[in-house]
Amino acid sequence: MKSVRKKIYRIIAAVLLIAVLAGNTALAEETAENTTINSSAVSLESPSAVLMEASTGTILFAKNPDEMRSPASITKIMTLLLTFEALEKGRIRLEDEVLTSVYAKSMGGSQVFLDEGEIQTVDTLIKCITVASGNDASVALAEYVAGSEAEFVNMMNDKAAQLGMTNTHFLDCCGLSADSAHHTTARDVAIMSRELVTKYPQVYEYTKIWMEDITHVTSRGSEPFTLASTNKLLKQYQWTTGLKTGSTSVAKYCFSATATKNNIDLIAVIMGAPDPKVRFSEAQILLEYGFAVTRLYVDENKQVLGDIPVARGRADRLAVEPQGVFRYLDVTSADFNQIMKQYQYADNVTAPVEKGAEVGCIIYSLEGREIGRMPIVAAEPVEKAFFVDYLRRVINKYII
């Protein structure tokens, strides 16, 4: 009888102890800002330029990066970004047929000569924009995605704000406007270019096209039309992958160039070049400089981290994992074998815990200097425990 009474007392005491346990989890994430590494590495005739490494966002070179300038057709980078977002969300499909409006047909400048009432697929219109820089195709696609160009432009400006493009404002979707209120900077162009190519690398399937035929089908019948790339760097520089050219009398010659070599992705932005040859040659100069001075350390973080204690949960332990791939861009020829990893976890993790919630971090250091962090997150959810869960746990431990 005494032994039964002792068991009951132990159960009651244990339940009371568990019921009052509580804790909080807090971990401050430190993110080092990427800053300009070199602003005098090369001499450029163009008044404004930026060189960025795409995966990390590190700026390797800058010349007047925040000087507001007319972007001309590199405006279409944002048009493409919103188009690929719409595709990702399932709001449109590549095979969707788009009807050309009289307004879209009326666009001047660079065009692919869409006729009023002509139907082209989203896929074809993307080619018309990326290869031939068609203003008419840009407007047709904008109208299809948002209902009107005006509403699409609102989306463009909202996206620019989300991306931190603080010196950018759009008035149209193709860059024809000569109004000073339609402006951006080399830094902001690099930011939106990075967003496009890192989130939607399938854009390269279009921007690598040098020449391709489409077919105009109108009331006059079918007629082939050849799209020829405006990006001459595709033939001049073997590592080129894209991205977008632009030119008007106000903007002069602009270019956001992308290239990949040795698993390093670079973005070179040139704005206000005096002629197209300078635009392409100076973009290539920046890309060659970038590839010469950079090396990329990549940790895939595929190791199993195990689990950590969790308080007040239906489970006692929480499985954890690195959030993703860690990248560090080096320009000092450092020995990557000297990179050290330190694992830090929150002192207290309390249920409920959602999958993906941050519970720690991996700190990377090189020669005693921190070079970056990677969050450690919950690999699975843990629900909050209730009284019946505590009671069941105690019974299982002390009686069964």
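Atom set for the values below is all heavy atoms of this structure, side chains included, hydrogens, waters and symmetry mates excluded. Note that the structure is predicted; figures quoted are calculated from it, not measured.
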Do [X] and [Y] meet the criterion of a side-chain donor-acceptor pair at a distance under 3.5 Å?
X	Y	value
Thr260	Asp265	yes
Thr130	Thr207	no
Thr230	Ser133	no
Thr168	Asp188	yes

Look at atom [atom1] of [X] and say whether more than 12 heavy atoms of other residues, nucleotides or ligands are closer to it than 6.0 Å.
X	atom1	value
Lys341	NZ	yes
Gln202	CD	yes
Met340	CE	no
Asp213	CG	yes

Rounded to the nearest 0.5 Å, what separates atom [atom1] in [X] from atom [atom2] in [Y]?
X	Y	atom1	atom2	result
Ile129	Leu141	CD1	CG	5.0 Å
Phe280	Asn231	CZ	CG	5.5 Å
Met107	Cys173	CE	SG	7.5 Å
Ile119	Leu114	CD1	CG	11.5 Å

Would you say the side-chain atoms of Glu354 pair up with the backbone N or O of Gly356, donor to acceptor, closer than 3.5 Å?
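Side chain of Glu354 to backbone of Gly356, a donor-acceptor pair under 3.5 Å: no, none is there.
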Does Thr75 reach the main-chain N or O of Pro71 with its side chain, forming a donor-acceptor pair under 3.5 Å?
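No; judged by distance alone, with no hydrogens or angles, the pair does not exist.
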How far apart are the closest heavy atoms of [X] and [Y], and which atoms are they?
X	Y	result
Ala283	Leu233	CB-CD2, 4.4 Å
Ser110	Ala132	OG-O, 2.9 Å
Ser46	Lys63	O-NZ, 2.9 Å
Thr248	Ser70	OG1-OG, 4.3 Å

On the 0 to 90° scale, with breaks at 30° and 60°, tag the His183-His169 ring pair as parallel, tilted or perpendicular.
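Ring orientation of His183 relative to His169: tilted.
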Is there a continuous path of hydrophobic side-chain contacts, each under 4.5 Å between heavy atoms, that joins Leu60 to Val298?
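In one cluster: yes.
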Determine, using the 4.5 Å side-chain heavy-atom cutoff (strictly less than), whether Leu44 and Tyr289 are members of one ILVMFWY cluster.
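Yes, Leu44 connects to Tyr289 through the hydrophobic network.
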Derivation and outcome, salt bridge (Lys or Arg N to Asp or Glu O under 4.0 Å), residues Lys105 and Asp136:
CA-CA 6 Å; Lys105 177 192 174 181; Asp136 45 0; over 6 Å; no
Where do Lys76 and Ser73 land on the side-chain hydrogen bond (donor to acceptor under 3.5 Å, both in side chains) test, with the steps shown first?
CA-CA 6 Å; Lys76 297 184 177 85; Ser73 282; 2.6 Å; yes
Do the side chains of [Y] and [X] get nearer than 4.5 Å, heavy atoms only?
X	Y	answer
Tyr237	Glu288	yes
Asp299	Met374	no
Arg93	Val122	no

Salt bridge (Lys or Arg N to Asp or Glu O under 4.0 Å) between Glu88 and Lys199, intermediate numbers included
CA-CA 10 Å; Glu88 180 186 41; Lys199 277 200 171 181; over 6 Å; no
Worked verdict on Glu143 versus Ser101 for side-chain hydrogen bond (donor to acceptor under 3.5 Å, both in side chains)
CA-CA 9 Å; Glu143 291 176 334; Ser101 68; 2.8 Å; yes
Stepwise, does the ring-ring contact (aromatic ring centres under 6.0 Å, His included) test hold for Phe326 with Tyr364?
CA-CA 9 Å; Phe326 174 79; Tyr364 292 81; 3.7 Å; yes
